[in-house]
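Everything below concerns the one structure shown next.
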Amino acid sequence: MDKKEYVELSGVVDSVIFSNEENGYTICEIEEDGTGEPIVLAGTMPYVAEGDCLTARGTWVIHPTYGRQLKVASYDKSLPVERGQILRYLASGAVKGVGPKTAMKIVDKYGEDTFEVIERHPDWLADIPGISRKKAREISASFKEASGARSVMISFRDYLSDSASMKIYKKWGSSAVDRVKENPYILCEQIAGIGFAKADAVAMGFGIAKDSPFRIAGGVVSCLQGAAAKEGHTCLPLAELKARCAEFLGVDAEAVHEVMLNMLLASKLRIAMRDEVKYVYLPAYFAAEKYVASKIFSLLSKCETFELDDVARMIYSLEVKNEITYDDLQREAIADSLKAGVMILTGGPGTGKTTVIKAMISIFRSLGMEIALAAPTGRAAKRMSEATSFEAKTIHRLLCMEYTGEEEGGRFLKDERDRLDEDVFIIDESSMIDILLMEAFLKAVKPGARVIFIGDADQLPPVGAGNVFADMIKSGTIYTVKLKTIFRQEKDSRIVSNAHAINEGRMPDISNTNRDFFFLSRESDEETAKTIASLWRDRLPKSYGADIINDIQVMTPSRKGVCGTEALNRLLQETMNPPSKEKRERRYGETVFREGDRVMQTKNNYAVTWEKDGVEGEGIFNGDIGTIEKIENSENRFIINFDDRVCEYDTANLDELEHAWAITVHKSQGSEYPLVIMPLCSAAPMLRTRNLFYTAVTRARKIVILVGKKTVIGQMVENDAQAVRHTGLCDFLKAEFNKGYDQ
């Protein structure tokens with residue numbers, strides 16, 4: 001915090017304007033010592049009551065409705081000592097079970113010793129008429145609760161925010177400090193929002209040794225969690241994990257090895273052997289891969305099958321009815337969906353996947369089967385609905401996601417105890433599904449149902465951990481059809497032909513002699529960024545009309561650099577949605593959010609409620625893009641439209657939003673946009689790959705515009721390197737099938 005802005009004030013609480021018991025957020029007014037000036041404080045200050053003596057530190061802010069107030073970063077609280085202040089404190093309702101009349105009786109009897117009696121001699125309160133021994137103990141417990149919260153916040157003040165300390169107190173009560181002193185790393189295990197770094201800071205403050213088994217165990221878990229979140233690994237080779245942990249923690253690798261052995265014995269880690277290499281898992285990822293493999297085998301072995309003659313007859317009837325002729329691979333895909341409980345359909349753009357999906361829907365409906373269509377994201381589900389004229393849902397909505405509180409996050413109401421009723425599930429954009437979501441989905445699928453996974457195997461892997469779609473195909477255990485023919489209606493699309501060229505390692509046609517694929521040469525990243533802004537603001541509206549503005553999406557390989565998302569979003573906000581007297585805005589850190597801004601949700605938030613066409617729902621998820629329709633500073637909320645899901649957004653959650661004029665290619669997965677602009681810019685080699693380029697191009701429905709250096713195109717086409725993901729699903733699937741055949 002800037003020392004020039006830092007203010008310290010002391011005074012007695014005159015009134016509590018607002019208090020949230022769950023998170024401790026409080027707005028109160030104090031009378032400043034020396035001046036008697038009324039000052040409003042706002043921040044995490046649990047159990048503050050009238051009469052409390054506060055010393056608060058923070059910065060001045062101007063609230064649009066309530067004027068100047070101190071935004072509290074930290075505070076100290078002491079109980080009143082004078083008889084009148086003690087009476088005021090108790091009469092305020094700060095202690096449960098004590099109202100004004102009872103407060104008067106207690107203070108009249110015990111005076112300035114009142115708090116000592118309540119805390120240490122609660123039975124003495126029973127000497128007062130109207131207070132039973134039970135009530136006396138309840139009064140003492142309520143008083144100690146407030147005292148305990150204060151003690152916890154003081155203990156962790158140098159390391160954690162007051163709101164984080166409040167979570168700790170809510171979890172363990174008055175024993176919180178002792179529990180954390182024994183093992184500070186339980187914080188990152190059991191308290192949402194506290195990672196290893198913060199727990200480590202607490203541990204160092206409490207004198208925990210650098211090579212403490214608690215610290216090493218916490219570091220092992222942190223390394224595996226980081227590998228899952230940042231690199232998509234569900235596991236790591238034992239030797240690699242030991243080396244990572246030793247470097248991360250600054251300890252000897254043998255010390256790490258010894259702790260890991262104890263963690264394995266305690267089932268806090270799991271291990272699997274593949275190709276004579278030991279792979280180490282967190283239990284959740286090990287269980288997920290094992291379950292997915294066993295459930296897929298179960299579905300394959302228990303599903304009703306149809307005679308080949310019946311299948312051929314159904315396909316022929318469909319061709320006659322719809323006046324269509326399927327090619328051999330499409331016919332094979334339709335047949336496989338009737339032969340097995342699980343099948344995979346993959347293929348690039350223009351190869352007729354939607355045609356096959358429609359055929360499957362028609363046949364299954366004719367057989368009286370209940371069908372569900374779903375996709376990982378709202379945009380993908382919407383596109384699936386439009387293409388098939390059949391309602392599609394997000395997987396989260398299909399599974400009836402329910403928000404269960406800040407600590408627990410969300411849970412699916414549909415699972416193995418209450419399975420989905422449908423007989424057939426057709427899941428699009430399956431390459432986006434991570435292992436934990438796949439586990440949750442399959443748990444809700446009833447025995448004997450069919451599941452058809454649709455996707456493009458050449459797209460980028462999912463953002464979350466695992467490589468489920470690719471592993472299922474690689475295992476060779478599931479019926480898989482890859483469509484290859486580009487149909488007549490798609491052959492004129494340069495987007496489709498260039499996407500296939502890129503995927504096959506050939507240079508795309510960038511001659512600019514067509515209507516849907518363009519290349520604009522620029523020699524520097526600065527020129528590229530300026531050109532993109534000019535295209536969006538001037539050139540494209542002039543050529544295609546003003547409505548094109550809402551159809552454009554910039555996709556870039558990187559977050560950093562002149563053409564990364566961070567810099568481009570600042571430039572494009574300034575270009576497309578500059579400051580205006582008619583548009584309200586809200587600053588959060590270095591970011592200004594303004595009415596009309598395009599924004600993206602960056603983490604799953606199960607608590608946000610939304611309404612769409614009169615239907616209410618919960619949950620806005622990582623990668624969802626919306627527009628800020630209204631900012632209500634007086635109410636501390638935004639009104640945001642996420643693909644027709646309109647929600648009220650608490651400004652306390654602004655850390656979950658970022659601008660989305662420009663997004664990374666990774667974040668574009670599952671979405672499709674009428675017009676995609678991609679900068680060909682400086683970026684790390686790992687971000688200039690063929691499948692990233694292919695993914696970006698296939699996100700465009702009508703027009704692709706590449707801006708930058710031609711040499712970058714060649715580099716991306718030639719770079720077929722793909723980051724290795726350590727996963728075990730492929731081997732678990734093979735093991736399930738080998739076991740099944742042996743039986």
Side-chain angles (χ1 to χ4, degrees), residues 192-193 195 229-230 376-380 409 432 460 462-464 529 532-533 536 549-550 552-579 583-608 610 619-633 636-643 645-671 673 676-679 681 683-684 687 692 695-696 699:
K230 297 175 183 178
T377 68
R379 285 177 177 263
M432 294 182 63
L460 291 169
V463 175
I532 290 171
W536 204 331
I549 286 174
N550 297 319
I552 298 169
Q553 182 61 62
V554 175
M555 291 181 198
T556 182
S558 176
R559 294 184 62 86
K560 303 297 183 181
V562 175
C563 288
T565 56
E566 294 175 5
L568 279 177
N569 273 315
R570 288 193 294 269
L571 173 63
L572 292 169
Q573 183 195 37
E574 181 183 327
T575 303
M576 301 305 302
N577 195 32
K583 293 184 177 181
R584 281 165 288 195
E585 59 183 47
R586 181 74 171 250
R587 177 175 287 276
Y588 182 81
E590 298 298 315
T591 304
V592 174
F593 292 105
R594 186 173 298 128
E595 290 177 342
D597 275 349
R598 187 183 291 186
V599 292
M600 174 184 282
Q601 178 75 13
T602 60
K603 61 184 286 188
N604 291 343
N605 187 327
Y606 306 106
V608 176
W610 48 261
I620 299 295
F621 302 110
N622 186 6
D624 286 350
I625 292 178
T627 302
I628 300 174
E629 294 186 341
K630 191 176 183 181
I631 297 176
E632 297 177 342
N633 283 317
N636 285 318
R637 66 180 181 180
F638 286 21
I639 306 299
I640 306 180
N641 187 326
F642 289 96
D643 276 330
R645 293 170 296 159
V646 179
C647 63
E648 293 184 1
Y649 211 92
D650 192 321
T651 54
N653 297 111
L654 288 182
D655 60 331
E656 299 176 5
L657 287 179
E658 62 183 31
H659 284 113
W661 307 98
I663 63 175
T664 62
V665 178
H666 283 85
K667 287 286 189 179
S668 75
Q669 289 173 266
S671 298
Y673 307 91
V676 167
I677 303 176
M678 182 180 182
C681 55
L687 296 174
L692 185 141
T695 299
R699 297 304 88 197

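Since this is a predicted model, take the numbers as computed values, not measurements.
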**Message:** Any non-hydrogen side-chain atom of Glu574 less than 4.5 Å from a side-chain atom of Arg570?
**Reply:** no

**Request:** State whether the side chain of Trp610 and the backbone N or O of Gly619 hold a donor-acceptor pair below 3.5 Å, judged by distance alone.
**Result:** yes

**Item:** Side-chain touch Asn641/Ile628, heavy atoms, less than 4.5 angstrom
**Value:** no

**Whether Glu648 side chain and Ile639 backbone form a donor-acceptor pair below 3.5 Å** = no

**Prompt:** Aromatic rings Phe642 and Tyr649: how do their planes relate, parallel, tilted or perpendicular, breaks at 30° and 60°?
**Reply:** tilted

**Message:** Can you confirm whether Met432 sits close enough to Leu460 that some side-chain heavy atom of one is under 4.5 Å from a side-chain heavy atom of the other?
**Reply:** no

**Item:** Ion pair check, Arg594 and Glu585, cut-off under 4.0 Å
**Value:** yes

**Request:** Look at the aromatic rings of Phe593 and Phe638 and report parallel, tilted or perpendicular, splitting at 30° and 60°.
**Result:** perpendicular

**Request:** Could you grab the distance from atom CZ of Arg559 to atom OG1 of Thr556, nearest 0.5 Å is fine?
**Result:** 11.0 Å

**Item:** Ser558 side chain reached by Thr565 side chain, heavy atoms, under 4.5 Å
**Value:** no

**Item:** Atom pair CD/CD1 of Glu629 and Ile640 - distance to nearest 0.5 Å
**Value:** 9.5 Å

**Asked** Looking only at heavy atoms, which two atoms of Val562 and Leu568 are closest? And how far apart?
**Response** O-CG, 4.1 Å

**Request:** Heavy atoms only: give me the nearest Gly561-Ala567 pair and the separation to one decimal.
**Result:** O-CB, 3.4 Å

**Request:** Write down the atom of Leu571, the atom of Ala529, and the distance for their closest heavy-atom approach.
**Result:** CD2-O, 3.5 Å

**Item:** Asp624 side chain to Gln601 side chain, donor-acceptor N/O pair below 3.5 angstrom
**Value:** no

**Request:** Determine the minimum heavy-atom distance between Val608 and Ile620, stating which atoms define it.
**Result:** CG1-CG1, 3.7 Å

**Asked** Ile549 versus Trp536: any side-chain heavy-atom pair under 4.5 Å?
**Response** yes

**Message:** Going by side-chain hydrogen bond (donor to acceptor under 3.5 Å, both in side chains), name the residues that satisfy it together with Gln553, two or more places apart in sequence or in a different chain.
**Reply:** Arg598

**Item:** Reported OG1-to-NE2 distance for the pair Thr664 and His666, which is rounded to 0.5 angstrom
**Value:** 7.0 Å

**Request:** Using distance alone, with no hydrogens and no angle criterion, decide if Asn569 and Glu658 have a side-chain donor and acceptor under 3.5 Å apart.
**Result:** no

**Prompt:** Between Asp643 and Ile625, is any pair of side-chain heavy atoms under 4.5 Å apart?
**Reply:** no

**Message:** Is it the case that the side chain of Arg699 and the backbone of Tyr673 share a donor-acceptor pair, with hydrogens and angles ignored and the cut-off at 3.5 Å?
**Reply:** no

**Asked** Under 6.0 Å from the NZ atom of Lys630, do we count more than 12 heavy atoms belonging to anything else shown?
**Response** no

**Prompt:** Leu657 versus Met600: any side-chain heavy-atom pair under 4.5 Å?
**Reply:** no

**Message:** Contact between Ile677 and Ile552 at the side-chain level, heavy atoms closer than 4.5 Å - yes or no?
**Reply:** yes

**Request:** Find the distance between NZ (Lys560) and CG (Leu687) and round it off to the nearest 0.5 Å.
**Result:** 12.5 Å

**Request:** Could you tell me which non-hydrogen atom of Pro557 sits nearest to which non-hydrogen atom of Pro679, and how far apart they are?
**Result:** CD-O, 4.1 Å

**Prompt:** Hey, is the main chain of Glu656 close enough, under 3.5 Å, to the side chain of Thr602 for a donor-acceptor pair?
**Reply:** yes

**Message:** What's the separation between atom CG in Asn550 and atom CE in Met576, rounded to the nearest 0.5 Å?
**Reply:** 8.5 Å

**Request:** Go through Ile532 and Val554 one step at a time and tell me if the side chain to side chain contact (heavy atoms under 4.5 Å, CB included) criterion holds.
**Result:** CA-CA 8 Å; Ile532 290 171; Val554 175; 3.7 Å; yes

**Request:** Identify the heavy atoms of Ala696 and Met678 that sit nearest to each other, and give their distance.
**Result:** CB-SD, 3.7 Å

**Message:** Between His659 and Leu572 (side chain of the first, backbone of the second, donor and acceptor by atom type, cut-off under 3.5 Å), is there such a pair?
**Reply:** no

